[in-house]
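A short worksheet on the structure shown next.
Here is how names work: the chains are called A, B, and so on, in the same order as the sequence lines, proteins then strands, and each is numbered from 1.
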Number of protein chains: 2
Amino acid sequence: MLLANQPLRVDECNCNAMRRASRQITRFYDAHLEPTGLRITQFLTLAVLDEVGSAAINALAERLDIERTAMGKMAGFLERDGLIKIRPSPTDGRSRLIELTEKGRRLHAEAAPLWREAQRQFEQLNGAKNVTELRRGLRKMVVGSLATSSSED
Amino acid sequence: MLLANQPLRVDECNCNAMRRASRQITRFYDAHLEPTGLRITQFLTLAVLDEVGSAAINALAERLDIERTAMGKMAGFLERDGLIKIRPSPTDGRSRLIELTEKGRRLHAEAAPLWREAQRQFEQLNGAKNVTELRRGLRKMVVGSLATSSSED
DNA sequence: GACTGATAAGAGCATATACCCATATATTTA
DNA sequence: TAAATATATGGGTATATGCTCTTATCAGTC
């Protein structure tokens, strides 16, 4: 019962450890992508579009596990910068399809090797084994239904 | 060399895995803290202040590894809500000391068991062993000097 | 004491994220 | 077929984060 009176161990906060690491690695990858002016999230969006050709906002959001309204806003920035074009879906009047412009394709092609270098360096710094384990640990992390409700409208 | 022409494996992006997990766990902890109206970052700031009593913006930022200007802004919100008070440092005219108000102390005390519950549930969902390993993996992650330059003005 | 370099903090600008509420379209049900 | 329900998207609001540039104060050196 003495535990109740002890100060919180901020260092033991799982969420803090995660957010902290996330900020660090984001800065790392963003710095690598900096010559293209892209942030990692933007780059990944371009990458998904490059892979699937064309996708609706929600599909993109699901693929990258980003909140859909956030994805919609980011799509706006990418369109503003001429990297994507957005058009209504021919089969669903509610839906909008996003695809890369030629400019977006080129920028993606320019950014891809930079991303690969970031991946390579990250592995070099941490060891391939550690990175694989870390990614596996992240992937299998479970948060239950409490925090996933936001993914469903 | 065929690798150069293959689509990016978004699923293999370390940064994406990390950000994704960070978003998930943030939602999880935020949901637990929701009755207090605090977000996890705000709560952790209150917790550090509860622990050390009084701290300058930069010290807080360092402790939580948050960019100092971001910390300054968040301190503004906490002050606006009456949870902290900010006063000039008696020993350094450039510095401002932050400490909890009585209201902040109470809210922290209310939020602490919610945070503990989030910790407990997270461990229950993932297994204590997995959580410890995950936290260790996050803590020992290295990003080199490229992405840490932002911590130095 | 004057000057130089370092440091504390913040305003500005921009992206990222999440939730709430609303509108419009599609699907299902009665 | 009409009504009810589900779904796609976005505006609004708010916090989080990071970089750049700026101002003011402190510390060290001469």
C/dA18, D/dT15, D/dG18: which one has an atom nearest the side-chain heavy atoms of A/Thr69? C/dA18

Spacing between B/Leu83 atom CG and D/dT15 atom C1', to the nearest angstrom: 14 Å

Residue whose closest nucleotide on DNA chain C lies nearer the 5' end, A/Thr41 versus A/Thr91: A/Thr41

By nearest-nucleotide position on DNA chain C, the 5'-leaning member of B/Ile57 and B/Lys73 is B/Ile57

Without swapping roles, check the side chain of B/Thr36 against the backbone of B/Ala111 for a donor-acceptor pair under 3.5 Å. no

Please report the distance, rounded to the nearest Å, between CZ in B/Phe77 and P in D/dA14. 10 Å

Output the rounded distance in Å from CE (B/Met71) to C1' (D/dC19). 17 Å

Write down the distance between CZ (B/Arg94) and P (C/dA6), rounded to a whole number of angstrom. 13 Å

Residue pair A/Leu97/A/Arg23 against DNA chain D: nearer the 5' end by closest nucleotide is A/Leu97

Compare the minimum distances between each of C/dT17, D/dA16, C/dC20 and the side chain of A/Ile66, then state the nucleotide with the smallest one. C/dT17

So does A/Phe122 get a backbone contact from the side chain of A/Asn126, meaning a donor-acceptor N/O pair under 3.5 Å? yes

Counting only N and O atoms by type, is there a donor-acceptor contact under 3.5 Å from the side chain of A/Gln119 to the main-chain atoms of B/Glu12? yes

B/Glu34 CD - C/dA18 P separation (whole Å): 16 Å

Could you tell me whether the side chain of B/Asp92 and the main chain of B/Arg94 form a donor-acceptor pair under 3.5 Å? yes

Report the distance from atom CZ of A/Arg20 to atom C1' of D/dT17, rounded to the nearest whole Å. 16 Å

C/dT7, OP1 or OP2 - any side-chain N/O from B/Asn58 closer than 4.0 Å? no

Any side-chain N or O of B/Arg19 less than 4.0 Å from the OP1 or OP2 oxygen of C/dT15? no

Nearest atoms (heavy-atom pairs only) where A/Arg135 meets B/Ala17: CG-CB, 3.8 Å

Please determine whether a side-chain nitrogen or oxygen atom of A/Ser95 lies at a distance below 4.0 Å from atom OP1 or OP2 of D/dT9. yes

Counting only side-chain nitrogens and oxygens, does B/Arg27 get under 4.0 Å of the OP1 or OP2 atom of C/dA18? yes

Can you check the B/Asp30 CG to C/dC19 P distance for me, whole Å? 8 Å

In terms of side-chain heavy atoms of B/Asp92, which of D/dG18, D/dT25, C/dC19 is nearest? D/dT25

Whole Å only: how far is the CE atom of B/Met74 from the C1' atom of C/dA9? 15 Å

